[in-house]
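Residue numbering restarts at 1 for every chain, and letters A, B, ... go by the order of the sequence lines.
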Protein chains: 2
Amino acid sequence: MSVHRGPHAAEAVFRPVRPRNAFEETVERLLQAIRLGVVAPGERLPAERDLAARLAVSRVTLRDAIRAVADAGYVESRRGRYGGTFVADDLPASPRPRRRAPLPGADIEDVLTLRRVLETGAAQAAAARSLSPSDRQHLRVRLTDVAGVAAGEEAEYRRLDSRLHLAIAEVTASPSLTSAVADVRTKVNELLDAIPLLAVNIGHSNDQHHTVVEAILSGDAQTARVAMAEHLEGTEALLRGFL
Amino acid sequence: MSVHRGPHAAEAVFRPVRPRNAFEETVERLLQAIRLGVVAPGERLPAERDLAARLAVSRVTLRDAIRAVADAGYVESRRGRYGGTFVADDLPASPRPRRRAPLPGADIEDVLTLRRVLETGAAQAAAARSLSPSDRQHLRVRLTDVAGVAAGEEAEYRRLDSRLHLAIAEVTASPSLTSAVADVRTKVNELLDAIPLLAVNIGHSNDQHHTVVEAILSGDAQTARVAMAEHLEGTEALLRGFL
DNA sequence: CCCTAATGGGCCAGCAGCAGTCCTTTGAGC
DNA sequence: GCTCAAAGGACTGCTGCTGGCCCATTAGGG
């Protein structure tokens, strides 16, 4: 049975344990936090001892990772009390498409399928819960944030858009669903970085965001799912254009 | 902001890198392959050198893991050409509920939420694709397998049930979705192992399986999703009974 | 009957990562 | 302006894991 035809259960279960080494994975996490807007420009990362404990990584490894990310211009460390590691106010641009890897189509479909499942599911699950006032507030704030981005600010839009989508996952109160959405979102962003810049229709996207959040806040699970599905189709079409 | 109120984005991104050590994760994978029916009783695991490469783990670590799993009675190794490591014909019973950990309700809801999203999404995605003949055949075989389990064979049923659900994920052609379903299924099975034995209504479950597979084969995505959702409610109610 | 290929079994040197400890810097508060 | 707590910076010895190599066992083919 070849790898591309027929079932893949063995591939799914016997996939690599620990895909990268600790240093590389730690770097990825830091970049993920910055790119998804979990820690905004100007904000401080958790203290090294705290963060190392959360990531279950030694402080040495974390510091190596922080140095790598600092060398790339994403963060800056300050010593002393009330010091810390702070996210740069203006982030480095993502590496432009080098076109070295021709973006295997199978991988794109894989990621898009997973994203559709996770994000439409998250929207539905969020709408099906009875949200706390702070959850509702959180959603509204993130919606407003992304709606306030000026046209042309692609990178900024990407970050706040991710942050809103992540917020939707958060209010499902399922940590593992939230983590899964964060991961798949990171992968989609990497794909988007690899294709030539094509301005997304931000206005249309914001309308869709509004519809999704409204449906979630009013507890309309079916509408939330469908609106999210429509919203995702934009990026899907964009990426499929580069198979 | 406390851990249980408000958003969890930081927790999602700053969760542990490499949650267990390589040995433990490898043991988990082997058990997962056996418990989910990816390698059936009597069948052979991939050769050590091959498997170590797939898992991206050293052969020493893999062998330690295999020994642990063999000591527990799940597999048996035979040397020589055409030898290998074979899954035991009759598997050890899962450890009975020791009730030491009182099954935190939040964790249960977390896993159930993720499962609902992934499995209903997988059913829908599977139905939305145009399946190859071998995919269709695969689904039918797995459906027949689980339908043929005699009443009372709880462990056997669990394994073949998992195998069918995994097959549905497989035919979405999304490896990462398949892996995610395998993982969440493993977690659900662990939860089920932790509660006292309650015979599931196997007949009813089989009817639901039939409905789901039929919908997938006929390309009816909406029905597939809804039928899967109804099917999952059985276990959900069961597990929620032990909060 | 022997050879060979494929498999599990075992050993060892080297390195990545860890836990622990101490040093250095810096700002708030008394 | 001194003190001290909280943060980053640095070193060190230990352990888990790796990668490479060789051995032992077994069945099939000539």
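- Of the candidate nucleotides D:dC21, D:dG19, C:dG17, D:dG19 has the atom nearest to the side chain of B:Ser58.
- Closest-nucleotide positions on DNA chain C for A:Tyr82 and A:Glu24 were compared, and the one nearer the 5' end corresponds to A:Glu24.
- Side-chain contact, A:Thr172 with B:Thr113: no donor N or O sits under 3.5 Å from an acceptor N or O.
- There is a side-chain donor-acceptor pair under 3.5 Å between B:Arg115 and B:Thr235.
- The CG atom of A:Asp50 sits 9 Å away from the P atom of D:dA7 (whole-angstrom rounding).
- Not one side-chain nitrogen or oxygen of A:Thr61 sits closer than 4.0 Å to the OP1 or OP2 atom of C:dA16.
- Side-chain proximity of A:Asn21 to the nucleotides C:dG17, D:dG16, D:dT18 is greatest for C:dG17.
- C:dG8 atom C1' lies 13 Å from atom CG of B:Leu45, rounded to whole Å.
- Formation of a donor-acceptor pair under 3.5 Å by the B:Asp110 side chain with backbone atoms of A:Ser176 is found in this model.
- Here D:dA7 presents its C1' atom at 13 Å from CG of A:Leu62, a figure rounded to the nearest Å.
- Looking at heavy-atom distances under 4.0 Å, A:Arg67 makes no contact with the nucleic acid at all.
- Protein atom CD1 of A:Ile66 is 7 Å distant from nucleotide atom P of D:dG8, rounded to whole Å.
- For the pair B:Ser77 and C:dT7, the criterion of a side-chain N or O lying under 4.0 Å from OP1 or OP2 is not met.
- Spacing between atom CD of B:Glu48 and atom P of C:dA5 amounts to 20 Å, rounded to whole angstrom units.
- Side chains of B:Thr61 and B:Ser58: a donor on one and an acceptor on the other come within 3.5 Å.
- Of the two residues near DNA chain C, A:Arg81 and A:Arg49, the one whose nearest nucleotide lies more 5' is A:Arg49.
- Spacing between atom CG of A:Asp64 and atom P of D:dC11 amounts to 12 Å, rounded to whole angstrom units.
- Contact annotation: B:Arg79 does not reach the phosphate of C:dA6 (side-chain N/O to OP1 or OP2, under 4.0 Å).
- B:Arg59 contributes a side-chain N or O that forms a donor-acceptor pair with the base of C:dG9 under 3.5 Å.
- The CZ-C1' distance, from A:Arg78 to C:dT24, rounds to 17 Å in whole Å.
- Checking A:Gly80 against A:Arg18, the closest nucleotide of DNA chain D that is more toward the 5' end is the one next to A:Gly80.
- For the OP1/OP2 pair of D:dG9 and a distance below 4.0 Å, the side-chain nitrogens and oxygens of A:Arg63 include at least one atom meeting the criterion.
- Checked by atom type and distance alone, the side chain of A:Arg29 pairs as donor or acceptor with a backbone atom of B:Arg15 at under 3.5 Å.
- Taking atom CG on A:Leu51 and atom C1' on D:dA7, their separation rounds to 13 Å, with Å as the unit.
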